[in-house]
Amino acid sequence: MLDLKFVRENPEIVRQAMALKGEAGDLDGLLARDAKRRDLLKEVEALKQTRNRVSREIGKAGADSDASRLQKDEMREVSTRIKDLDDQLRLIDAAMEMILLSLPNIPDAVVPHGKDESANVEVRSWGEPSKFTFTPLAHWDIGANLDIIDFPRAGKITGSRFAVYYGAGARLERALISFMLDLHTTEHGYREVFPPFLVNAASMTGTGQLPKFADDAFRVEGTDLYLVPTAEVPVTNLHRDEILEAEQLPIYYAAYSACFRAEAGAHGRDTRGLIRQHQFNKVELVKFVLPETSDEELEKLTGDAEKVLQLLELPYRVMLMCSGDLGFAPAKKYDIEVWLPAADTYREISSCSNFTDFQARRAGIRYRPGVGKKALFVHTLNGSGVAVGRTVAAILENYQQEDGSVMIPKVLRSYFHGHDRITVSGSESG
RNA sequence: GGAGAGAUGGCCGAGUGGUCGAAGGCGGUCGCCUGCUAAGCGAUUAAGCGGGUACAAGCCUGCUUCGAGGGUUCAAAUCCCUCUCUCUCCGCCA
């Protein structure tokens with residue numbers, strides 16, 4: 001959410017941001033209501049002042065005095081008028097809140113302008129796309145051949161865009177979660193969090209999923225609860241409506257969660273394989289930082305996510321998202337894209353964003369810069385560190401051998417009792 | 001699921017209709033004192049939204065806020081209703 005005062009004073013900046021991000025919103029309606037609201041506020045506050053003063057006088061004079069009786073009659077009318085104005089204000093406030101929640105964050109100055117992903121800018125790459133002496137298979141074929149990933153039965157027991165993992169496949173998923181958490185907590189200074197996988201509407205609003213993107217989330221029928229689309233939601237909301245001490249910052253959290261996404265509007269895209277599932281695992285990195293440090297914190301966060309892929313020896317590149325591909329809440333975002341040989345392309349495996357104070361204002365996350373100082377909004381950041389299912393896909397494809405087996409990345413072998421490959425029997429061997 | 005108790009400032013905790021934005025304590029800050037430390041003394045210390053003044057820090061001022069929402073009343077932390085959460089006991093349960 002943007003600061004109302006900022007919107008009032010910089011409507012053109014907001015308008016430009018909306019155009020750059022391709023977001024619609026009733027900015028003019030907001031500004032008109034804002035002016036109206038302040039007029040009403042002045043009127044009702046003057047009336048309340050009168051009522052408060054007279055009520056005090058009644059209290060002093062005694063409620064049964066003649067003067068008090070007269071004043072009570074007067075105040076009855078004043079109170080009616082106040083109630084009427086308060087009702088109007090409530091309606092305007094609610095309308096303004098809805099509009100304000102629909103306005104996107106302002107893109108950072110370094111964000112390239114552009115409509116879609118074609119305008120994203122590659123900032124660096126690591127490793128070379130894997131070379132094969134044979135035609136590399138897609139991960140869904142490898143998974144089926146090794147009998148470690150089962151899409152047909154997932155379709156039977158649940159539906160499309162779900163997967164069942166067996167044996168070494170299940171172990172690989174679990175090993176990756178542990179490996180990522182171990183890395184971030186021991187090497188990068190994050191505190192591990194294991195959050196609930198269901199959150200309430202206030203949390204979804206705090207991080208920006210609601211009200212605009214309700215169709216993307218699974219809601220539990222008959223309740224106010226949503227399946228988390230990412231651990232970002234519960235973890236960022238840990239500090240909702242809190243005032244943190246400046247010395248506590250920065251706060252780093254690393255959280256594993258299953259993630260649930262309805263994938264509204266994604267019909268027909270990535271229908272095969274692990275790339276786009278309704279349920280997937282992810283280790284998420286979340287930071288609460290001082291505003292002046294959020295730029296460099298985004299660089300560090302992105303580096304922390306890259307480290308995962310470097311240790312797994314998976315080739316990747318880092319893209320700076322252009323305005324049109326940036327999304328609603330971030331001011332700046334890097335996507336890390338891993339090399340997928342079968343598709344002969346890079347695919348997103350992590351998204352690292354600086355939300356500046358956009359989420360913090362929605363969620364009421366502040367810090368006190370010093371004793372007696374006014375509380376200010378923190379800056380929040382998060383990034384995948386990294387998406388587990390897509391990492392499995394990348395490992396299967398990049399580490400596949402001509403005989404159909406898949407080598408296990410060196411850093412994961414301790415999770416496989418030292419075995420170095422997954423063989424056709426569906427178990428690990430060495 | 002049933003019964004009961006509760007939710008007050010950074011924290012603890014008083015407060016059953018007006019003198020309450022709220023006693024007291026802890027913690028924080030400033031000052032004094034004590035030749036270190038500790039203790040002691042004094043002062044100060046909630047947030048949001050407006051208005052005024054100022055280059056600004058700030059100062060002055062109005063309104064709102066005692067879990068959330070609604071109601072009664074001239075007036076609500078205080079009375080009534082609904083909801084949420086916490087605790088205790090009972091039931092059920094991986």
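- Annotation: side chain to side chain donor-acceptor pair (under 3.5 Å) contacts of A/Lys307 (sequence neighbours excluded): none.
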> Just by protein heavy atoms under 4.0 Å, how would nucleotides 66-75 of chain B read 5' to 3' in B, S and -?
Replying inline: ----S-S-BS
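- Comparing the P positions of B/G13 and B/G17 gives an interatomic distance of 23 Å, to the nearest angstrom.
- If you look at A/Phe218 and A/His278, their ring centroids are closer than 6.0 Å.
- The same atom, C1', is picked in B/G15 and in B/U78; the two are 8 Å apart, to the nearest Å.
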>> As a quick check of understanding, evaluate salt bridge (charged side-chain N to carboxylate O under 4.0 Å, His left out) for A/Asp270 and A/Arg276, giving each step before the final call.
In response: CA-CA 6 Å; A/Asp270 310 309; A/Arg276 196 176 294 273; 2.9 Å; yes
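- Separation of the P atoms belonging to B/A43 and B/G24 is 11 Å when rounded to the nearest angstrom.
- Side chains of A/Arg161 and A/Thr271 form a contact here, defined as non-hydrogen atoms less than 4.5 Å apart.
- At whole-Å resolution of the value, CG in A/Leu85 and C1' in B/G50 are 15 Å apart.
- The two residues A/Cys322 and A/Gly114 come nearest to each other via the heavy atoms SG-O, 3.6 Å.
- Comparing B/U72 with B/U29, their P atoms are spaced 48 Å from each other, to the whole Å.
- A/Asn105 places a side-chain N or O within 3.5 Å of a backbone atom of A/Ala329 that can act as its donor or acceptor partner.
- Nucleotides B/C30 and B/A38 have their P atoms positioned 14 Å apart, rounded to a whole Å.
- Taken residue by residue, residues 30-42 of chain A places heavy atoms nearer than 4.0 Å to RNA chain B at A/Arg37, A/Arg38, A/Leu41.
- Taking CD of A/Gln279 as the start and CZ of A/Phe197 as the end, the distance is 9.0 Å to the nearest 0.5 Å.
- Straight-line distance from the NZ atom of A/Lys5 to the C1' atom of B/C49: 8 Å, rounded to whole Å.
- The distance between atom CG of A/Asp3 and atom P of B/G48, rounded to the nearest whole Å, is 12 Å.
- Between A/Tyr367 and A/His239, the distance from one ring center to the other does not fall under 6.0 angstrom.
- The distance between atom CD of A/Glu43 and atom C1' of B/G51, rounded to the nearest whole Å, is 16 Å.
- The minimum heavy-atom distance linking A/Leu381 with A/Glu297 is given by the pair CD2-C, 3.9 Å.
- The interatomic distance linking A/Asp93 (CG) with B/C63 (P) rounds to 18 Å, in whole Å.
- Between the C1' atom of B/C49 and the NZ atom of A/Lys48 lies a distance of 11 Å, rounded to the nearest Å.
- Ring to ring, A/Tyr252 and A/Phe288 are not that close: their centroids are 6.0 angstrom or more apart.
- For the pair A/Arg53 CZ and B/U19 P, the interatomic distance rounds to 16 Å; values are reported in whole Å.
- Taking atom C1' in both B/U65 and B/A77, the straight-line distance is 11 Å, to the nearest Å.
- Residue A/Met98 qualifies as open at atom CE: its count of foreign heavy atoms under 6.0 Å is 12 or below.
- Put simply, A/Arg8 has a side-chain N or O that comes within less than 4.0 Å of OP1 or OP2 on B/G50.
- Qualifying side-chain contact (heavy atoms from CB on, under 4.5 Å) partners for A/Thr158, counting only residues two or more places apart in sequence or in other chains: A/Phe162.
- Taking a cutoff of 4.0 Å between a charged side-chain nitrogen and a carboxylate oxygen, A/Asp34 and A/Arg38 qualify as a salt bridge.
- When the P atom is compared between B/C74 and B/A56, the two are found 45 Å apart, to the nearest whole Å.
- For the pair A/Asn200 CG and B/C85 P, the computed distance is 9 Å after rounding to whole Å.
- Secondary-structure annotation of RNA chain B gives the stems B:1-7 with B:84-90, B:10-12 with B:24-26, B:27-32 with B:40-45, B:46-53 with B:58-65, B:67-71 with B:79-83, with a stem taken as at least 3 successive Watson-Crick or G-U pairs whose two distances both fall under 3.5 Å.
- One can find a donor-acceptor pair under 3.5 Å joining the base of B/G62 and the side-chain atoms of A/Glu45.
- In this structure, the separation between CG on A/Leu210 and OG1 on A/Thr205 is 4.5 Å, given to the nearest 0.5 Å.
- Once rounded to the nearest 0.5 Å, the distance linking NZ of A/Lys60 with OG of A/Ser55 reads 11.5 Å.
- The P atoms of B/G67 and B/G6 are separated by 13 Å, rounded to the nearest whole Å.
- A heavy atom closer than 4.0 Å to some atom of RNA chain B occurs in A/Arg366, these being the qualifying members of residues 357-367 of chain A.
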